[in-house]
Amino acid sequence: MSEIDWQPLHDAAVTMTRRAYAPYSGYPVGVAGLVDDGRVVAGCNVENAGYGVTLCAECGMVSDLVAGGGGRLVAVWCVDGRGETIMPCGRCRQLLWEHGGADCLLQTPRGVLRMDEVLPQAFGPEDLERR
C-alpha cells in the first residue's frame, strides 16, 4: 500500500463524529484508520459522567480493528466535530503505536507524519520482551 487515499478516511472520521456521545464536553471526535488488508476501521468518543473513564475515539477504532480480525494500522486520521484534523492524546498515541508501529502514518494538523515522529522513543511490545 504505497499510496494512501486519505479522503475516505476523513469522510469516515467525520461520520463517526456524528455518532459520538459527548454530552459533557460537547466535543465530538471521530477517527478512521486504514488496515494493512484494506479495511477501514473507525471509532468515536464515548463520554461518561466519571470523566476519567471516558473512551477516546481511538479506543473505539482499535476495538473495531481487533473485533474485525486484527491486522496493522497503516494510516489514521482523527477529526473534531467540525471535521478539523486533531492530534490524538498521549494514551491514544500509544494505542496507535501498539497497533500500527513506527511506519503507521498519521494525518496531523501539520501534515502526514510517521508514528515514530509523533511518538519518538516509544515503548512497545518489544520492550517487554527484553525483560
Side-chain angles (χ1 to χ4, degrees):
M1 278 187 203
S2 57
E3 289 288 321
I4 303 296
D5 186 359
W6 288 98
Q7 192 60 51
L9 293 180
H10 184 264
D11 294 344
V14 168
T15 296
M16 294 308 291
T17 65
R18 296 183 197 120
R19 298 179 183 170
Y21 179 73
Y24 307 105
S25 71
Y27 191 78
V29 176
V31 65
L34 177 63
V35 183
D36 58 1
D37 64 7
R39 285 178 296 138
V40 172
V41 292
C44 60
N45 58 323
V46 179
E47 293 182 347
N48 186 286
Y51 284 100
V53 292
T54 290
L55 297 175
C56 295
E58 296 85 348
C59 295
M61 179 187 67
V62 168
S63 285
D64 190 20
L65 171 70
V66 173
R72 300 294 287 167
L73 292 169
V74 174
V76 175
W77 198 334
C78 188
V79 301
D80 65 16
R82 298 167 302 164
E84 298 294 320
T85 303
I86 58 174
M87 283 298 287
C89 70
R91 176 179 80 164
C92 291
R93 292 178 197 196
Q94 183 67 35
L95 276 172
L96 297 179
W97 182 272
E98 182 93 9
H99 296 279
D103 296 332
C104 181
L105 300 174
L106 179 64
Q107 187 70 250
T108 78
R110 293 186 179 172
V112 177
L113 296 174
R114 287 170 38 107
M115 278 305 300
D116 59 0
E117 296 173 284
V118 173
L119 193 61
Q121 300 182 52
F123 182 88
E126 63 282 351
D127 294 296
L128 294 175
E129 293 169 5
R130 288 185 239 169
R131 54 184 171 121

Kindly give the heavy-atom pair with the smallest separation between [X] and [Y], and that separation in Å.
X      : Y      : answer
Thr85  : Gln107 : CG2-O, 3.6 Å
Gly111 : Thr108 : O-OG1, 2.5 Å
Cys104 : Ala75  : SG-N, 4.1 Å
Leu106 : Met87  : CD2-CE, 4.1 Å
Pro125 : Glu98  : CG-OE2, 3.5 Å
Gly33  : Leu9   : C-CD2, 3.7 Å

Hey, is the main chain of [Y] close enough, under 3.5 Å, to the side chain of [X] for a donor-acceptor pair?
X     : Y      : answer
Asp64 : Ala42  : yes
Asn45 : Val29  : yes
Glu58 : Leu95  : no
Gln94 : Phe123 : yes

Could you tell me whether the side chain of [Y] reaches within less than 4.5 Å of the side chain of [X], counting heavy atoms only?
X     : Y      : value
Arg91 : Cys59  : yes
Leu73 : Met61  : yes
Leu34 : Leu105 : no
Glu3  : Asp5   : no

Do [X] and [Y] sit in the same hydrophobic cluster, where Ile, Leu, Val, Met, Phe, Trp and Tyr count as joined when their side-chain heavy atoms come under 4.5 Å apart?
X     : Y     : result
Val79 : Val74 : yes
Val40 : Ile4  : yes
Leu65 : Met16 : no
Val14 : Ile86 : no

**OP:** Using the ring pair (Phe, Tyr, Trp, His ring centres under 6.0 Å) rule, collect all pairs that involve residues 7-66, keeping only residues at least two apart or in two chains.
**Re:**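 Every pair satisfying ring pair (Phe, Tyr, Trp, His ring centres under 6.0 Å) with a residue in residues 7-66: His10-Trp77, Tyr24-Tyr51.
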**OP:** For Asp103, enumerate each residue passing the side chain to side chain donor-acceptor pair (under 3.5 Å) test, keeping only those at least two apart in sequence or located in another chain.
**Re:**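 Here the qualifying residues are Arg114.
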Subject >> With Arg82 via side chain to side chain donor-acceptor pair (under 3.5 Å) - residues at least two apart >> reply: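 Side chain to side chain donor-acceptor pair (under 3.5 Å) check on Arg82 returns Asp80.
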Original post:
Would one find more than 12 heavy atoms of other residues, nucleotides or ligands at under 6.0 Å from atom CZ of Arg72?
Top reply: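 Check passes, neighbour count above 12.
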